Amino acid sequence: MYAQMVKTSGNGVKTRDEMSDNERAFQDRIDAGEKIEPKDWMPDDYRLTLMRQIGQHAHSEIVGQLPEGNWITRAPTLERKAILIAKVQDEAGHGLYLYCAAETLGVSRDELIEELHAGRMKYSSIFNYPTLNWSDMGAVGWLVDGAAIMNQVPLQRTSYGPYSRAMVRVCKEESFHQRQGYSIMLKMATGTGAQKAMAQDSLNRFWYPSLMMFGPPDADSVHSEQSMAWKIKINTNDELRQKFVDQTIPQIEYLGLECPDKTVKWNDEKSGYDYAQPDWNEFFNVIKGNGPCNKERLAARVKAWEDGEWVRDGLLAHAKKKAARVAAE
Ligand code: BYC
């Protein structure tokens, strides 16, 4: 159902005159800042846009466990290991809240997972880059979770009730993730020369991919206009990217590291930094499935799903037996 319906979405923003009575009343509720709840009437495209965005967000959380999970066994201390396990576990929880929010729109979790495994649904481009050493755990927490929060804080005000409520909890946990990442970076950047060089190398590799997390430039963003009219998105991709750069440059300076973008310069007029765009050809290539780790990530998810079949079967068999017992009483 998801795949068939998505083909019909993305038809552009309707003017008030083009809207049906239902659509006009719906837009009025959005404009008045009301939350839309699962049983309320909503335009098909609103439902589809949310299924796509929340579904892809859920997939990002689950796939996002892989690059960090890779380092649990090699964390340098017991404390760092415990923190990393907690963080990776949080991501599973975020995936769960988001799949549940998507289910309230009428798409099952199994269906969304099938779409992911078939390569028809996306997940965040960032997770197609490898984590090569321990300081990458710092860069991921600091930059990747930092970019995620920048995007998710406004989403707490998104118009769809279940999504906005899921975001409240996710944001609280993400801010802990961001701090644990910065704490690793601080330790590395103030350590030995070799450790500082590792921190710099991680920043160099994760800077541009982090900027890509906010999506293509506004001029190339197909969904932004309609999503913003429906308050599914609160800010444009470029607005959030700018806020991220403005927040991160002073943090780089505090670490005593160098921004890989040598053109970064404070601009008094716009009260923000001017910065270089990432390579957008690379981004489009990554989201088409051709990034450094796309195949590996998807293969890991498919294997986990297949390996877990006996658990799902066992739970279903148990539920069936229990229901039969209750019925016989
Ligand atoms: N990666 O019209 P646009 C996290 C796609 S990670 C892949 O601007 P939209 C975490 C886009 O889907 C963050 N694909 O789209 C952190 C569309 O293709 P489709 C996850 C991308 O939806 C640490 C096409 O490009 N967060 O949380 O208006 C550990 C055109 O783009 C990307 C969310 O998902 C990308 N970076 O705006 C674990 C937040 N960017 O779908 C986990 C919620 C764009 O038509 N999502 N595309 O085939 C959003 O806010 C929006 O969906 C985006 C994109 C800003 C990402």
Side-chain angles (χ1 to χ4, degrees), residues 1-10 38 44-70 72 87-129 144-145 148 151-152 155 158 160 162-167 169-170 173-174 213 215 223 227 232 286-320:
M1 182 197 76
Y2 174 86
Q4 279 166 359
M5 288 174 77
V6 153
K7 279 199 197 118
T8 65
S9 74
D44 284 349
D45 271 4
Y46 177 85
R47 186 184 297 279
L48 284 170
T49 302
L50 280 166
M51 281 182 188
R52 178 186 62 79
Q53 181 167 315
I54 301 174
Q56 296 191 150
H57 193 165
H59 298 329
S60 305
E61 300 286 354
I62 300 299
V63 178
Q65 293 182 287
L66 299 171
E68 290 179 289
N70 189 33
I72 289 173
K87 178 185 190 287
V88 172
Q89 197 170 291
D90 283 351
E91 310 299 359
H94 297 176
L96 194 63
Y97 316 149
L98 287 160
Y99 284 125
C100 289
E103 281 184 318
T104 65
L105 293 156
V107 62
S108 72
R109 195 184 316 178
D110 283 3
E111 196 176 356
L112 290 171
I113 287 173
E114 200 181 307
E115 292 296 307
L116 171 70
H117 292 177
R120 289 187 295 265
M121 273 184 96
K122 298 184 169 74
Y123 55 87
S124 183
S125 50
I126 191 73
F127 301 119
N128 294 307
Y129 291 86
V144 174
D145 289 78
N151 169 286
Q152 287 165 2
L155 287 179
T158 194
Y160 189 55
Y163 192 25
S164 78
R165 290 188 286 274
M167 282 301 106
R169 180 139 178 204
V170 168
E173 292 173 354
E174 291 289 10
M213 286 177 68
H223 302 295
S227 289
I232 289 174
V286 169
I287 67 172
K288 263 192 238 143
N290 304 321
C293 300
N294 294 59
K295 290 187 181 60
E296 184 186 328
R297 299 292 186 236
L298 214 53
R301 285 311 316 156
V302 171
K303 182 174 184 310
W305 182 253
E306 286 169 356
D307 289 352
E309 192 178 1
W310 68 272
V311 180
R312 294 190 299 278
D313 288 350
L315 288 172
L316 286 174
H318 177 67
K320 222 172 172 179

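Bear in mind that the values here come from a model prediction, so they are computed numbers and not experimental data.
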What is the minimum heavy-atom distance between [X] and [Y], and which atoms define it?
X	Y	value
S124	S60	N-OG, 2.9 Å
K295	G289	NZ-O, 3.6 Å
T158	I232	OG1-O, 2.9 Å
Y129	R297	O-NH2, 3.2 Å

Min side-chain heavy-atom separation [X]-[Y] under 4.5 Å:
X	Y	value
Y97	P162	no
L155	Q53	yes
N151	M213	no
V63	L298	no
L96	R109	yes
L116	Q56	no
L66	F127	no
K122	H59	no

Q. Looking only at atom types and distance, does a side-chain atom of R47 sit under 3.5 Å from a main-chain N or O of L105, one as donor and one as acceptor?
A. yes

Q. Between the side chain of E91 and the main-chain N/O of Q65, is any donor-acceptor distance below 3.5 Å?
A. no

Roughly how far, to the nearest 0.5 Å, is [atom2] of [Y] from [atom1] of [X]?
X	Y	atom1	atom2	answer
E306	R301	CD	CZ	11.5 Å
D44	M51	CG	CE	9.0 Å
I54	C100	CD1	SG	11.0 Å

Q | Check against side chain to side chain contact (heavy atoms under 4.5 Å, CB included), M167 and L98 | A | CA-CA 9 Å; M167 282 301 106; L98 287 160; 3.7 Å; yes

**Q.** Single hit among Q152, R52, H94 for side chain to side chain donor-acceptor pair (under 3.5 Å) with H57
**A.** Q152

Q | Residue R312 excluded, over 12 heavy atoms near CZ under 6.0 Å | A | yes

**Q.** With D313 via side chain to side chain donor-acceptor pair (under 3.5 Å) - residues at least two apart
**A.** none

Q. Do T104 and Y163 have side-chain atoms, one donor and one acceptor, less than 3.5 Å apart?
A. no

Q) Pick one: which of I113, V107, D110 meets side chain to side chain contact (heavy atoms under 4.5 Å, CB included) with Y99? A) I113

Q: Show your working on side chain to side chain contact (heavy atoms under 4.5 Å, CB included) between N294 and K288 and close with a plain yes or no.
A: CA-CA 9 Å; N294 294 59; K288 263 192 238 143; over 6 Å; no

